Amino acid sequence: MSKIIRTVTPDQLTAPTPCAEFDVRALLNHLLFWGPSLIGAGRKESVPPPAAAESDVDLVTAEWAAALETQLDELATIWRDPAAWEGVTHMGGPTELPSAMIGGMVVGELIVHGWDLSRALGTPVSWDDDLLADVYAETAATAEQGRGMGIYGPEVPVSPDAPLIDRILGVTGRDPGWQPPAR
């Protein structure tokens with residue numbers, strides 16, 4: 001994702017993304033908003049988000065790209081440690097959650113939102129098949145729960161032999177064939 005965010009130009013911040021409720025700016029704000037909580041979860045610390053709701057704060061300031069790259073580096077470092085995946089943790093609140101579930105969510109978030117940004121900006125992106133297989137298994141297993149929480153949209157039918165990224169996207173409610181509207 002770091003490679004993708006380095007390509008964002010100011011005129012692209014209003015571009016639509018496959019995530020219907022987010023343009024590029026709102027998607028970047030979403031990543032910046034939740035990043036500290038996801039980092040805290042890997043450290044087994046409860047770090048509340050910076051505001052009550054994402055819409056209450058605009059984190060896409062002049063230094064947003066550097067801030068997001070720093071968060072991505074911290075996320076990768078923390079969740080690379082096997083201890084981050086053990087036991088329980090918190091995600092910004094008092095509720096204990098399985099660390100492995102949160103770790104899987106972190107990886108899935110970065111892949112799906114990386115794809116969202118890639119499509120919105122026309123920047124190619126790819127991931128390791130083993131990583132995508134793990135993300136697909138985790139996403140498919142928690143998809144109904146995610147839909148119930150409003151995190152995922154209705155499943156988009158995708159062929160069972162489609163590329164793994166397409167199957168992940170379909171499970172999360174995204175159309176793998178999404179293209180930005182002509183500008």
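Heads up: numbering here begins at 1 and tracks the sequence. Worth saying up front: this structure is predicted, and the values here are computed from it rather than measured.
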Looking at every heavy atom in both [X] and [Y], which two are closest together, and how far apart are they?
{"X": "Ala143", "Y": "Val171", "answer": "CB-CG1, 3.4 Å"}
{"X": "Ala84", "Y": "Gly42", "answer": "CB-O, 3.5 Å"}
{"X": "Ile4", "Y": "Gly114", "answer": "CD1-O, 3.4 Å"}
{"X": "Val135", "Y": "Gly108", "answer": "CG1-CA, 4.0 Å"}
{"X": "Ala120", "Y": "Ala15", "answer": "O-CB, 4.4 Å"}
{"X": "Ser37", "Y": "Pro49", "answer": "OG-N, 3.6 Å"}

Min side-chain heavy-atom separation [X]-[Y] under 4.5 Å:
{"X": "Thr139", "Y": "Val112", "result": "no"}
{"X": "Val156", "Y": "Leu169", "result": "no"}
{"X": "His30", "Y": "Glu109", "result": "yes"}

Which distance, rounded to the nearest 0.5 Å, do you find between the [atom1] of [X] and the [atom2] of [Y]?
{"X": "Ile78", "Y": "Arg43", "atom1": "CD1", "atom2": "CZ", "result": "3.5 Å"}
{"X": "Leu27", "Y": "Glu54", "atom1": "CG", "atom2": "CD", "result": "9.5 Å"}
{"X": "Leu117", "Y": "Thr7", "atom1": "CG", "atom2": "OG1", "result": "8.5 Å"}
{"X": "Thr172", "Y": "Arg147", "atom1": "OG1", "atom2": "CZ", "result": "8.5 Å"}
{"X": "Glu96", "Y": "His90", "atom1": "CD", "atom2": "NE2", "result": "4.5 Å"}
{"X": "Ile111", "Y": "Tyr136", "atom1": "CD1", "atom2": "OH", "result": "14.0 Å"}

[X] and [Y]: same hydrophobic cluster, using ILVMFWY side-chain contacts below 4.5 Å?
{"X": "Val57", "Y": "Leu28", "value": "yes"}
{"X": "Ile39", "Y": "Leu97", "value": "yes"}
{"X": "Ile5", "Y": "Trp127", "value": "yes"}
{"X": "Met101", "Y": "Val88", "value": "no"}
{"X": "Val125", "Y": "Met1", "value": "yes"}

State whether the side chain of [X] and the backbone N or O of [Y] hold a donor-acceptor pair below 3.5 Å, judged by distance alone.
{"X": "Lys44", "Y": "Ala83", "answer": "yes"}
{"X": "Arg119", "Y": "Trp178", "answer": "yes"}
{"X": "Arg25", "Y": "Val60", "answer": "yes"}
{"X": "Arg167", "Y": "Ala162", "answer": "yes"}
{"X": "Thr70", "Y": "Ala66", "answer": "yes"}
{"X": "Gln12", "Y": "Thr9", "answer": "yes"}
{"X": "Ser2", "Y": "Glu69", "answer": "no"}
{"X": "Thr17", "Y": "Asp116", "answer": "no"}

> Yes or no on side-chain contact (heavy atoms from CB on, under 4.5 Å) for Met105 and Leu38, after CA distance, side-chain angles and deciding distance?
Replying inline: CA-CA 9 Å; Met105 185 182 79; Leu38 298 175; 3.7 Å; yes

> Can Asp134 and Val107 be said to form a side-chain contact (heavy atoms from CB on, under 4.5 Å), step by step?
Replying inline: CA-CA 9 Å; Asp134 289 344; Val107 176; over 6 Å; no

>> How about CD on Glu63, more than 12 heavy atoms from neighbouring residues, nucleotides or ligands closer than 6.0 Å, or not?
In response: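 No, CD of Glu63 has 12 or fewer neighbouring heavy atoms, counting only those of other groups under 6.0 Å.
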
>> Restricting to ring pair (Phe, Tyr, Trp, His ring centres under 6.0 Å), what partner residues turn up for Trp79, sequence neighbours left out?
In response: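 With neighbours one apart ignored, the set is Trp85.
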
>> Pairing donors with acceptors under 3.5 angstrom, does anything connect the side chains of Lys3 and Thr123?
In response: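 Thr123 and Lys3 do not have a side-chain donor-acceptor pair below 3.5 Å.
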
>> Given Trp64, which partner from the list Asp58, Leu59, Leu31, Val8 fulfils the side-chain contact (heavy atoms from CB on, under 4.5 Å) test?
In response: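 For Trp64, the side-chain contact (heavy atoms from CB on, under 4.5 Å) test succeeds with only one of Asp58, Leu59, Leu31, Val8, which is Val8.
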
